[in-house]
Amino acid sequence: MRVTVKLFATFRDGRFKVEERELPEGSKVMSVLEPLNIKPEEVAICLVNGQNVDEQHVLNDGDTIALFPPVGGG
Amino acid sequence: MGGYTGKVLRVNLTEGKTSTEPLNMELARKYLSGRGLAGKMFADEVAADVDALSPENKLFIATGALTGTNAPTSGRYVVVTKSPLNGVIASSNSGGQWGAHLKFAGYDMVILEGKADRPVYISIQDDVVEIKDAAHVWGKDVYATTETLKQEFGDDKAKVLSIGPAGENLSLISAVMNDLYRAAGRSGVGAVMGSKNVKAILVRGTGKVENANADVMKNVLSSALGKLRENGVTGQGLPTYGTAVLVNIINETGIYPVNNFQESYDSQADLISGETMTANHLIKKDPCYRCPIACGRYSKWEGGEGAGPEYETVWVFGSNSGIHDFDAIHKANDWCNRLGLDTISVGATIAAGMELVQRGYIKPEELDGTPLEFGNAAGMVEWVRKIGYAEGLGAKMALGSYRLAESYGAPELSMTVKKLEIPAYDPRGVQGQGLQFATSNRGGCHVRGYMISPEVLGLPEKLDRTSLEGKATWVKIFQDLTAVIDSLGLCLFSSFALGLSDYAALVNAVTGENYSDEELLACGERIWNNERLHNLRVGYSAAEDTLPKRLLNDPIVDGPSKGQTLKLAELLPQYYAERGWDGAGVPKPELLTKLGM
């Protein structure tokens, strides 16, 4: 299956802004994090199609995963 | 006692006299200072039915209990008055340096009363207070006014608070500015100062604000600074990217209003994100007094440089106007700083104007050749200038989006609560924040209870933004806690890292009081109810605890939150019950007794 991975703030340093990834069926968010060398505890917000999930969330074909370190403002 | 100076400066502009009086410490214990105490004194001294722009209204410019101390983020002051935009209690706060320096001069608060018979400014040099002629700076912008008054005073350490031409022109979306770029922006407080013929307040203070328990403060301060440093938001996210780091997270959540809230997701948002600003525009950080976070930006753009822009400003002149031109956003922000305008209300009024054009209400011949359409960056920048100088249709827009849209028979196109423009979050996808917008005491405002923190950012814990469960309780606690933080003169951003116990420890170490957590939060609840009671006296009721029809009735049309709606009818009764108010949103007598009001 194909998913879109979007990185934000410091996660972009040395990586990318947005890329598509090919993953085996049944993959979890964890399978996206590992090759990027991002530890789950570094992720403050993980959105899959805009919904807040954790690293054990099972992905589906066509999902958009947005990963953020701690960010805030107002 | 530490923290407070114990002294209030009262300026009677009609008689041209100044006087000082002791701060009412009995009231300060119950309402703290800043927003709380000034709000209480305002409610006691100003009749509910006065015209906001008449001499009978008063302008309270108040520091918080901790302003000017060594507590982190303690540079804030507040402007409390009757809002000319909507008649409710205005309490707009601002950072920078000015507030701390008012304390150094020896005053907790300045109260402007009456009206001067000609343009004046107030000069405060410790005990020497003078009302001076301001004819030579009347009509000048904020930058020129600040520079001129500082030069004449002859001491660069002086700090200047002023209005711009927009406040002089009585724009109902004008701000009180300080330290060039900092704004007490909301509710049209600049117009109240302008109505009194007061252009500026220059302050030069040489004193110091003492802590009652200096030894205790060392440990309390060390703990607070450690938490601010270790927290990912206050220690890393905000310092690195500024508040505009929110553009992407709010957009990816699908609650990022586009084209006057007609859509809620912007596929081009990254063009104007905090990440892009940091890479292409940032010159340096521009921190407020005693702030270890330093989210303030100093930026460059094509043909200029200056402070900002903040997240709200980026959004309102950017995506909410269909614009992705960072130079144009910077220029619009710079005009607002110069002219003394609230960026949120100005941008939202321009966006409402764009939709009025889109739907054929505003005719091309009314525009005097200046484009007013989504996506037209040069036109947008020019409308900001026209609003500030009240030129052409800009004069009508200077009264805010509600009056503009209403004058064309389409008030539903004004994205406001209680006539105040709603900031950069679509409430249909964030239930708690939606309830907060509807119930905020000053109208459409995000910083009276920032539910985005738990519902989107996951601080202090993650809440399901689509769920109603517990939201009324969270909103009440956030509103009360925010009232405390505002009244201490601290920045709301400190609350990403600090909690109620940290604030209690700080206020106790500084003032020598002994508030428990519960007692301190009760101060916040008292402040909230004082504001509510004032608004009820003015004539507001539960009917105004609502949102524009679009945000109340229509689902989100696009993006990750497509189909979501705000369930305000379910939330509001829960909130009233949580607050101890009756079904009509009126505080019950037993609540007021409990709070000692």
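Numbered from 1 within each chain, the chains take letters A, B, ... in sequence-line order.
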Side chain from CB out, backbone as N, CA, C, O: work out which of these in [X] comes under 4.5 Å of a heavy atom of chain A, or both, or neither.
X	result
B:Asn231	neither
B:Glu252	both
B:Leu246	side chain
B:Ser561	neither

Tell me which of these, B:Asn251, B:Thr253, B:Ile249, has more heavy-atom pairs under 4.5 Å with chain A than the rest.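 Of the candidates given, the most pairs with chain A belong to B:Ile249.
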
Please identify, among B:Thr466, B:Leu457, B:Ile293, B:Thr243, the residue contributing the most non-hydrogen atom pairs under 4.5 Å to chain A.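 Ranked by heavy-atom pairs under 4.5 Å with chain A, first place is B:Leu457.
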
Do the non-hydrogen side-chain atoms of A:Thr10 and B:Tyr241 ever get within less than 4.5 Å of each other?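 A:Thr10 reaches B:Tyr241 side chain to side chain.
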
Does anything in residues 28-52 of chain A reach chain B? List residues with heavy atoms under 4.5 Å apart, or say none.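 Only A:Ala44, A:Ile45, A:Leu47, A:Asn49, A:Gly50, A:Gln51, A:Asn52 of residues 28-52 of chain A have a heavy atom under 4.5 Å from chain B.
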
When you look at NZ of B:Lys462, are more than 12 heavy atoms from neighbouring residues, nucleotides or ligands closer to it than 6.0 Å?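 It does: B:Lys462 NZ has more than 12 such atoms within range.
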
Taking atom CD of B:Glu469 as the centre, report whether more than 12 heavy atoms of other residues, nucleotides or ligands fall under 6.0 Å from it.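 No, because the 6.0 Å sphere around CD of B:Glu469 holds 12 heavy atoms or fewer from other groups.
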
To the closest 0.5 Å, what do you measure between CZ (A:Arg12) and CG (B:Asn248)?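 One gets 5.5 Å once the value is rounded to the nearest 0.5 Å.
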
Is it the side chain or the backbone of A:Phe68 that comes within 4.5 Å of chain B heavy atoms, both, or neither?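 Side chain only.
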
So, for B:Val245 and A:Ala9, which heavy atoms are closest and what is the spacing to 0.1 Å?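 For B:Val245 versus A:Ala9, the nearest heavy atoms are CG2-CB, 4.4 Å.
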
